[in-house]
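Worksheet: the structure to be examined is printed underneath.
Proteins come first, then strands; the chains are lettered A, B, ... in the order of their sequence lines, and each starts at number 1.
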Amino acid sequence: MTVRTRFAPSPTGFLHIGGARTALFSWAYARKHRGEFILRIEDTDVARSTPEAVQAILDGMNWLGLSWDEGPFYQMQRMDRYKEIIQKMLADGSAYLCYSTKEELDALREAQMQAGDKPRYDGRWRPEEGKKLPSIPAGVQPVVRFKNPKTGLVEWVDMVKGHIAISNEELDDLIIARGDGTPTYNFCVVVDDWEMGITQVIRGDDHVNNTPRQINMLKALGATIPQYAHLSMILGDDGQKLSKRHGAVSVMQYDEDGYLPEAVLNYLARLGWSHGDDEIFNMEQFCEWFDLDHITPSAAQFNTEKLNWLNSHYIKQADLANLSKDITKRLSLKGIDVGNGPNLESVIALYRERSNTLNELAAGIEYFYKTPVTDAVAAEKHLTADVMPLMKAMMLQLQSAEWTVESIHHIIEQTVVNNGLKFPKVAMPLRVMLTGNAQSPSIDAVMHLLGQQEALKRMATFF
RNA sequence: GUCCCCAUCGUCUAGAGGCCUAGGACACCUCCCUUUCACGGAGGCGACCGGGGUUCGAAUCCCCGUGGGGACGCCA
């Protein structure tokens, strides 16, 4: 049987890191088994779903390169089908109408909580042999409830958590269609997973409690029950739960912050899943290795430091032309035109090893394309009265120098030797004059890239 | 409150009863490299939540506790 997995986000916000990992694992599972990966938008909450959110999710998926084989399907476009099945269930008695009002239900819930019970529907409208139902109130649009079995156990072997069993006595008759006739989440999921032939449902473990209800409905419909894999959640850097209010950011924010999708993907893959001691691998390798057996059942804390490490790795590996395109964009956003200076690829080649993010890289090379502001502390420390004459003499020498790294280095070295100094004594002031601060790659290489004219121009401003 | 789930270095994790003196990675510390900062290299610090079982032997299996999380919607 062909493996078919799906990612089924609800379009009520952007694609965040937890959703991205769920998508990644579902995608990888399908790829691994040469199956199909389906994207389904669960937009039945009309009040909260927005087209912008749909687009944001698609953008996130595309940025990560998680391509789907079918879809995106939109549940709102499948209304007729859901309603058809609800009618069938109503007809065969596996579902029934319930006329309880929201107010009534709220009161019931509260009373149960007060009494220390698990809040649940008490079945007052549930038809039963020999039971007399209340008389139908006027003006109430009934909801449709699923007639959940009252006894027995629902169990399944979760592919990450193992055997899970829940007693039917814990479950109540959930609403599958609202008063206005629109179906609800738990029902749509069941119909779709069934009709779309999903073989493995891989989703967040906040759905564990929905699973027994879904299995019961699947059984009532005579459907095949898929396998389930419930992924534990991702906590924020601070160990706290991620939420809209706290820490959850769009995956696109990582793009904006200068992370490469390869790095984010690799990081996410290792968050909750492992393949021995392997840390760095590409998606092709990941899809080959991926399995559900090596997923940790416990929650994982996000660690930006480790993401940074991976990102710096991928920056070092990246194709220079691609990096160059990206950095051009980032700099131009800051009003810097890379046309105003040395070849960008050469500059990046010199700088890529020192950056955790593309933004750091962009910021680090700014001074090649615009006159730097000299850091006061660095100037005070290195541009001392005793070395300035040496700097001036060197400037004159550099004016007539052949502009290669070797000859520049030679001039610096001569100054060092002739004056009985240590190398940094000469290199540091040069660095401050040319870059504006006390850290840069080899100063001879920097000067070479900067170009003779620009380098001399910057030096001249100090005399 | 009720039900469900989880528990190895600060963090991500390896670990399927002897291979564990608990391994790797990030971070941190030291040293080396060095033209500053990085990169890179070599070391170091650092963990099986507690208590009971089972077993010749437990990080691994079982039970109880403790701690954390999730779910209990006409949200998904």
Using whole Å, report how far CE of A:Met113 lies from C1' of B:rC3.
-> 13 Å
Using the P atom in both, what is the distance from B:rC31 to B:rU36, to the nearest Å?
-> 15 Å
Return the orientation label for the A:Phe302 and A:Tyr254 ring planes: parallel under 30°, perpendicular over 60°, tilted otherwise.
-> tilted
Do the rings of A:Phe281 and A:Phe286 sit parallel, tilted or perpendicular, given the 30° and 60° boundaries?
-> parallel
Of all the nucleotides listed (B:rC12, B:rC6, B:rA76), which has the minimum atom distance to the side chain of A:Glu42?
-> B:rA76
Would you mind classifying the nucleic acid contact of A:Pro119 as base, sugar-phosphate or nothing, using non-hydrogen atoms under 4.0 angstrom?
-> base
Walking RNA chain B from its 5' end, the first of A:Gln141 and A:Asp293 to be reached, judged by nearest nucleotide, is A:Asp293
Are A:Lys83 and A:Asp80 close enough for a salt bridge, meaning some N to O gap below 4.0 Å?
-> no
In terms of side-chain heavy atoms of A:Glu170, which of B:rC3, B:rA76, B:rG15 is nearest?
-> B:rC3
With the side chain of A:Glu353 defined as its heavy atoms from C-beta on, choose the nearest nucleotide among B:rC39, B:rC5, B:rG70.
-> B:rC39
Using a heavy-atom cut-off of under 4.0 Å over every strand shown, decide if A:Gly204 touches base, sugar-phosphate, or nothing.
-> nothing
Any donor-acceptor pair under 3.5 Å joining the side chain of A:Arg431 to the base of B:rU35?
-> yes
CG of A:Asn210 versus C1' of B:rC5: gap in Å, rounded?
-> 14 Å
Separation of the C1' atoms in B:rA42 and B:rC33, to the nearest angstrom = 11 Å
Across the strands shown, which category fits A:Thr211 at heavy-atom distances under 4.0 angstrom: base, sugar-phosphate, nothing?
-> nothing
Give the nucleotide from the list B:rC74, B:rU2, B:rU35 with an atom nearest to the side chain of A:Leu105.
-> B:rC74
Would you tell me if any nitrogen or oxygen in the side chain of A:His294 comes within less than 4.0 Å of OP1 or OP2 on B:rG15?
-> yes
Out of B:rG73, B:rU13, B:rC12, whichever nucleotide has its closest atom nearest the side chain of A:Ser274 = B:rU13
Minimum-distance nucleotide (side-chain atoms of A:Lys161 versus B:rU13, B:rC74, B:rC6) = B:rC6
Which part of the nucleic acid, if any, lies within reach of A:Leu271 when heavy atoms closer than 4.0 Å are counted: base, sugar-phosphate only, or nothing?
-> sugar-phosphate
Quick one: is B:rA76 close enough that its OP1 or OP2 comes under 4.0 Å of any side-chain N or O from A:Arg48?
-> no
Contact class for A:Ala300 (heavy atom, under 4.0 Å): base, sugar-phosphate, or nothing?
-> sugar-phosphate
Between B:rG73, B:rA76, B:rC3, which nucleotide has the shortest distance from any of its atoms to the side chain of A:His207?
-> B:rA76
Select base, sugar-phosphate, or nothing to describe what A:Asp106 touches, counting heavy atoms under 4.0 Å on all strands.
-> nothing
Salt bridge or not for A:Glu170 and A:Lys118, using N-O below 4.0 Å?
-> yes
Over how many whole Å does the gap from A:Ile280 atom CD1 to B:rG24 atom P extend?
-> 16 Å
Whole Å only: how far is the CG atom of A:Asn209 from the P atom of B:rC6?
-> 13 Å
Considering only the P atoms, how many Å lie between B:rU30 and B:rC45, rounded to the nearest integer?
-> 15 Å
So which heavy atom on A:Ala229 is nearest to which on A:Asp158, and how close?
-> CA-OD1, 3.8 Å
Counting just side-chain N and O atoms, does A:Thr184 come under 4.0 Å of either OP1 or OP2 of B:rC74?
-> no
Of the listed nucleotides B:rU13, B:rC3, B:rA7, the one nearest the side chain of A:Lys118 = B:rC3
Under 4.0 angstrom, heavy atoms only, what part of the nucleic acid is A:Arg120 near: base, sugar-phosphate, or nothing?
-> nothing
Give one of base, sugar-phosphate or nothing for A:Val143, where a contact means two heavy atoms less than 4.0 Å apart.
-> base
Which part of the nucleic acid does A:His382 contact within heavy-atom distance under 4.0 Å: base, sugar-phosphate only, or nothing?
-> nothing
Rounding to a whole Å, what distance do you find between A:Ile234:CD1 and B:rC5:P?
-> 22 Å
Quick one: is B:rG40 close enough that its OP1 or OP2 comes under 4.0 Å of any side-chain N or O from A:Lys316?
-> yes
A:Met61 and A:Leu15 have their tightest heavy-atom pair at N-CD2, 3.8 Å
Using a heavy-atom cut-off of under 4.0 Å over every strand shown, decide if A:Asp45 touches base, sugar-phosphate, or nothing.
-> sugar-phosphate
Taking atom P in both B:rG15 and B:rA7, what distance in whole Å separates the two?
-> 13 Å
Atom P, compared across B:rG67 and B:rC49: separation rounded to whole Å | 16 Å
Using a strict 4.0 Å threshold on nitrogen-to-oxygen distance, state whether A:Lys102 and A:Glu104 make a salt bridge.
-> no
If the C1' atom of B:rU13 is compared with that of B:rC6, how far apart are they to the nearest Å?
-> 16 Å
Using the salt bridge (charged side-chain N to carboxylate O under 4.0 Å, His left out) rule, pick out the option among A:Arg124, A:Arg126, A:Arg145 that qualifies with A:Asp173.
-> A:Arg126
P atoms of B:rU8 and B:rA47, separation to the nearest Å = 14 Å
Quick one: A:Ile176 CD1 to B:rA76 P, roughly how many Å, whole number?
-> 13 Å
Between B:rA14 atom P and A:Ile295 atom CD1, what is the distance in whole Å?
-> 11 Å
Any idea how A:His230 and A:Trp156 line up, ring-wise: parallel (<30°), tilted (30 to 60°), or perpendicular (>60°)?
-> perpendicular
Name the pairs: protein N/O against N/O of nucleotides 25-27 of chain B, kept only if under 3.5 Å.
| unit_1 | atom_1 | unit_2 | atom_2 | d |
| --- | --- | --- | --- | --- |
| B:rA25 | O4' | A:Glu279 | OE2 | 3.4 |
| B:rC26 | OP1 | A:Trp309 | NE1 | 3.3 |
| B:rC26 | O2' | A:Glu305 | O | 3.4 |
| B:rC26 | O2' | A:Lys306 | N | 3.2 |

Taking only side-chain nitrogens and oxygens of A:Lys241, does any of them come within less than 4.0 Å of OP1 or OP2 of B:rG70?
-> yes
Mark yes when over 12 heavy atoms from residues, nucleotides or ligands other than A:Lys219 sit less than 6.0 Å from its NZ; otherwise mark no.
-> yes
Using the closest heavy atom to pick a nucleotide of RNA chain B for each, name whichever of A:Gly276 or A:Ser10 lands nearer the 5' end.
-> A:Gly276
Given A:Ile327, A:Leu358, A:Ile365, A:Leu320, the one that forms side-chain contact (heavy atoms from CB on, under 4.5 Å) with A:Arg352 | A:Leu320
What is the nucleic acid contact for A:Pro441, judged by heavy atoms within less than 4.0 Å: base, sugar-phosphate only, or nothing?
-> base
Distance, rounded to the nearest Å, where A:Phe146 contributes CZ and B:rC74 contributes P | 16 Å
A:Ser49 side-chain N/O to A:Val46 backbone N/O, donor-acceptor pair under 3.5 Å | no
Rounded distance in Å between the P positions of B:rG65 and B:rA22 | 31 Å
With respect to the phosphate group of B:rC74, does any side-chain polar atom (N or O) of A:Thr182 fall under 4.0 Å of OP1 or OP2?
-> no
Minimum-distance nucleotide (side-chain atoms of A:Thr44 versus B:rG1, B:rU35, B:rA76) | B:rA76
